[in-house]
Asker: 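I'd like to ask some things about the structure below.
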2 protein chains.
Amino acid sequence: MLGPDHTGDTAPSLDRADLPAADRASACQAVAPVLARVGDKWSVLIVRALGSGPRRFNDLKRDIGGISQRMLSLTLRGLERDGLVTRTVFPTVPPRVDYALTGLGRSLWEPVEALGAWAQRHHPEIAAAQRRYDAQV
Amino acid sequence: MLGPDHTGDTAPSLDRADLPAADRASACQAVAPVLARVGDKWSVLIVRALGSGPRRFNDLKRDIGGISQRMLSLTLRGLERDGLVTRTVFPTVPPRVDYALTGLGRSLWEPVEALGAWAQRHHPEIAAAQRRYDAQV
DNA sequence: CCGAATCCAAATAGATACTG
DNA sequence: CAGTATCTATTTGGATTCGG
């Protein structure tokens, strides 16, 4: 799969035959950091929580549940650094900080959602496979 | 999160309004482990390498490059456990083991590719955002 | 040739306490 | 309210060695 004889769907392929091997390799390298960001334990949940609009720090913490202040702070900073999330400080007292998705962040939602739909559709199969594997060992 | 007033695009949504909140939450939980699997440093590269057909252990090691035996072995076992990859031992001497994608593994490729396409399209923006962020600090 | 086992270093995550 | 600082526990990854 993913050779020049790929499935032929219209999605832009990472494996474009018009690129030399080195560029295909570097394209592959480009994917890895994004998957690392999206694949970490919290980023997607945050992006998802922000999908319906801006949220404050502690609202996010409550919405997501199970995340420590530290990880929420670190992950938000990473998302901000990558241009996926904006951080807006209102100099009021008590202080208030809103986090919101950027256009880039919103554009990320669609492929993440596609993966989420896959996960949703197939996670019974995965769970079954895991049970089979664990039982046999 | 992701209320009925979502962006309204036509993509199949995780946030189907016909599901009660608890199901949306559990859907969210279902996504995380899959993203963790796909988001680790090597799984996607392995799935990708297997995309064009079965491969032997050391072929994979060479194809991927930079992966240790340990991580290749561990990651393959994880993918096998999740039912994404099959492991076939040929009792020859010297021994030979083929790894191949299952149907489930192949079905995963499409959403991964969508994410990869996003990464490809937007990674200049991400890099720029990172430079901006790093410069301003 | 395939890969398990061991050992070690580094990165990561949680809990807790503290600050503007 | 919105974090930072610190400490520790867990996870992760590489290198090396050994076995089937």
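Throughout, protein chains are lettered first and strands after them, A, B, ... in sequence-line order, and every chain is numbered starting at 1.
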Asker: Do the non-hydrogen side-chain atoms of B:Val97 and B:Phe57 ever get within less than 4.5 Å of each other?
Answerer: no
Asker: Using atom CD1 of A:Ile64 as one end and atom C1' of C:dG14 as the other, report the distance to the nearest whole Å.
Answerer: 16 Å
Asker: To the nearest Å, give me how far apart CZ (A:Arg87) and P (D:dC1) are.
Answerer: 16 Å
Asker: Nearest-Å distance, CD1 (B:Ile67) to P (C:dG3)?
Answerer: 12 Å
Asker: Using only atom types and a distance under 3.5 Å, with no angle test, would you say the side chain of B:Thr102 pairs donor to acceptor with the backbone of B:Leu84?
Answerer: yes
Asker: If you measure from the Lys or Arg side-chain nitrogens to the Asp or Glu carboxylate oxygens, is any gap between B:Arg56 and B:Asp59 under 4.0 Å?
Answerer: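 No.
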Asker: Report the distance from atom NZ of A:Lys61 to atom P of D:dC1, rounded to the nearest whole Å.
Answerer: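 Value for this atom pair: 11 Å.
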Asker: Which whole-number value in Å describes the distance from A:Arg96 CZ to D:dA2 C1'?
Answerer: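 So the two atoms are 13 Å apart, to the nearest Å.
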Asker: When all nucleic acid strands are considered with a 4.0 Å heavy-atom cut-off, which category describes B:Tyr99: base, sugar-phosphate, or nothing?
Answerer: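 The answer is sugar-phosphate, as B:Tyr99 gets under 4.0 Å only of primed atoms, P, OP1 or OP2.
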Asker: Could you give the CH2-to-C1' distance, from B:Trp42 to D:dG14, as a whole number of Å?
Answerer: 11 Å
Asker: Once you round to the nearest 0.5 Å, how far does CG of A:Leu50 lie from CZ of A:Arg55?
Answerer: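 Rounded to the nearest 0.5 Å, the CG-CZ separation comes to 7.5 Å.
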Asker: Strictly below 4.0 Å, heavy-atom distances to any atom of DNA chain D: list the hits from residues 69-80 of chain A, or just say none.
Answerer: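 Within this stretch, A:Gln69, A:Arg70, A:Ser73, A:Arg77 sit under 4.0 Å of the strand.
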Asker: With a cut-off of under 6.0 Å to the ring centre and 45° to the axis, is B:Arg96 in cation-pi contact with B:Phe90?
Answerer: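 Yes; both conditions hold, so B:Arg96 lies above the ring face of B:Phe90.
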Asker: Should A:Ile46 and A:Leu72 count as side-chain neighbours, where that means a heavy-atom distance under 4.5 Å?
Answerer: yes
Asker: Determine: side-chain N/O of A:Lys41 to OP1/OP2 of C:dG14, distance under 4.0 Å, yes or no.
Answerer: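 For C:dG14, OP1/OP2 do have a side-chain N/O of A:Lys41 under 4.0 Å.
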Asker: Atom CG of A:Asp40 and atom C1' of C:dG14: how far apart are they, to the nearest Å?
Answerer: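 Computing the A:Asp40:CG to C:dG14:C1' distance gives 15 Å.
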